[in-house]
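Worksheet: the structure to be examined is printed underneath.
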Protein chains: 2
Amino acid sequence: MADQHELREKGLRLTPQRELVLQAVRDLGHATPEEVAEKVRATHPGINLSTVYRNLETLENVGLVLHTHLGHGGATYHAAEELTHLHLVCSICGDIGDAPIDTAANFVNTLSDDYGFKTDVTHFAIYGTCQKCSK
Amino acid sequence: MADQHELREKGLRLTPQRELVLQAVRDLGHATPEEVAEKVRATHPGINLSTVYRNLETLENVGLVLHTHLGHGGATYHAAEELTHLHLVCSICGDIGDAPIDTAANFVNTLSDDYGFKTDVTHFAIYGTCQKCSK
DNA sequence: TTCCTTCTGCAATCTCTTTGCAGGTATTAA
DNA sequence: TTAATACCTGCAAAGAGATTGCAGAAGGAA
């Protein structure tokens, strides 16, 4: 598993729990801490929820995962390398769609030019109604 | 107080608590339930937090206030008539800046045309770093 | 005024997340 | 390989934010 290098390089210990959490985030794409725990427990039942929380925080500190707020309140975690899209959150069905970051390029530039605001597109959630639900 | 008509028209009873909550939301511009409660209690100490929550929900149901998720998890309430701007949330200082809705017009159109996604600009929060903090 | 329904305050409860602690384990150095 | 020492984990308790049930209070129509 390639985690070996990544985790050690960041100065982290290589524990089974930590590898599993990172792997789960990568497999799931978008996931709440609870979902990560569920995924991890599918193969390794003993792992505690607080361990998941602590590892998500640790992995975020070293830049391997990131979190986004998608509106319901809870954080959603992503593998850092996969955050190459915007999140389109449907307020009706709760579905999370994707759109390329470029879609927002002009918007981001405008905010920067006019307000000096540097938009963090990776931490960016967009609310609305998806195609399916607007019918 | 103009609340009289508004609340009654919506089929709501006109209680001091309800008027105070609505007024507080209007005065504060952006406010969490806790902040609304604090504001209300400044003049009327006895009001319970659960009353604030229930009234915010009620007022939202009839369209007088709206809430937005600005990222920390908790909801932030606004008077419905004042939601004419985007929220620029600074991830460093937590400051909430404003920008006209038009700033996002092209972006919103693109999402609609390309993905059939109808963006709800009033429920829209943008994360990044404000001018002050990027220095 | 009277009655009915809605609203409020209070306290308990729930969910989500964090924290303290004691024991366990990955790593480094010998 | 062994020993020492941070660092991690599991468990349980605690915090924070929000919700709910209930009994009594108050708004509003007649």
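Only this structure's heavy atoms are used, side chains among them; waters, hydrogens and symmetry mates stay out. Convention: sequence-line order gives letters A, B, ...; per-chain numbering from 1.
Among residues two or more places apart in sequence or in another chain, the side chain to side chain contact (heavy atoms under 4.5 Å, CB included) test is passed with B:D27 by B:Q23, B:K39. Partners of A:E81 under the salt bridge (charged side-chain N to carboxylate O under 4.0 Å, His left out) rule, at least two apart in sequence or in another chain, are A:R26. Every residue two or more places apart in sequence or in another chain was checked for a ring-ring contact (aromatic ring centres under 6.0 Å, His included) with A:Y115, and none qualifies. Residues meeting the ring-ring contact (aromatic ring centres under 6.0 Å, His included) test with B:F107, sequence neighbours left out: A:F107. Partners of B:S112 by side chain to side chain contact (heavy atoms under 4.5 Å, CB included), not counting sequence neighbours, listed by chain and number: B:K118. Remark: B:E82 pairs with B:A79 by the side chain to side chain contact (heavy atoms under 4.5 Å, CB included) rule, at least two apart or across chains.
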Which donor-acceptor pairs under 3.5 Å do the side chains of residues 57-68 of chain B make with protein atoms, sequence neighbours left out?
residue, atom, partner, partner atom, Å
B:T58, OG1, B:R54, O, 2.8
B:E60, OE1, B:H67, ND1, 3.0
B:E60, OE2, B:H67, N, 3.1
B:E60, OE2, B:H67, ND1, 2.7
B:N61, ND2, B:E57, O, 3.4
B:H67, NE2, B:H69, NE2, 3.4
B:T68, OG1, B:H78, NE2, 3.3
B:T68, OG1, B:T122, O, 3.4

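One interatomic measurement links the two molecules: CG of B:N48 to P of D:dT19, which rounds to 14 Å at whole-angstrom precision.
Within the 4.0 Å cut-off from OP1 or OP2 of D:dG27, not a single side-chain nitrogen or oxygen of B:R8 is found. Listed pair B:T15 / C:dT8 meets the phosphate criterion, a side-chain N or O lying under 4.0 Å from OP1 or OP2. Applying the 4.0 Å criterion to OP1 and OP2 of C:dT25, one finds that A:Q17 has every side-chain N and O outside that range.
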*Per-nucleotide protein contact string for nucleotides 1-7 of chain D, where B marks a base within reach and S marks sugar-phosphate only (heavy atoms under 4.0 Å, - for neither)*: -----BB
*Along nucleotides 12-18 of chain C, 5' to 3', which nucleotides get a B, which get an S, and which get a -, given that the test is a protein heavy-atom distance under 4.0 Å?*
----SBB
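Axis deviation across the helix from C:dT1-D:dA30 to C:dA30-D:dT1 amounts to 40°, comparing end segments of five pairs, rounded to 10 degrees.
Residue pairs meeting the side chain to side chain donor-acceptor pair (under 3.5 Å) criterion with at least one member in residues 90-111 of chain A: none, sequence neighbours excluded. Residue pairs meeting the ring-ring contact (aromatic ring centres under 6.0 Å, His included) criterion with at least one member in residues 36-58 of chain A: none, sequence neighbours excluded.
Under the side chain to side chain donor-acceptor pair (under 3.5 Å) test applied with A:N55, the options A:Q17, A:E19, A:R18 reduce to a single match, A:R18.
Between the side chain of B:R54 and the base of C:dG9 there is at least one donor-acceptor pair of N/O atoms closer than 3.5 Å.
Of the candidates D:dG28, C:dT27, D:dG10, the closest approach to any side-chain atom of A:I47 belongs to D:dG10.
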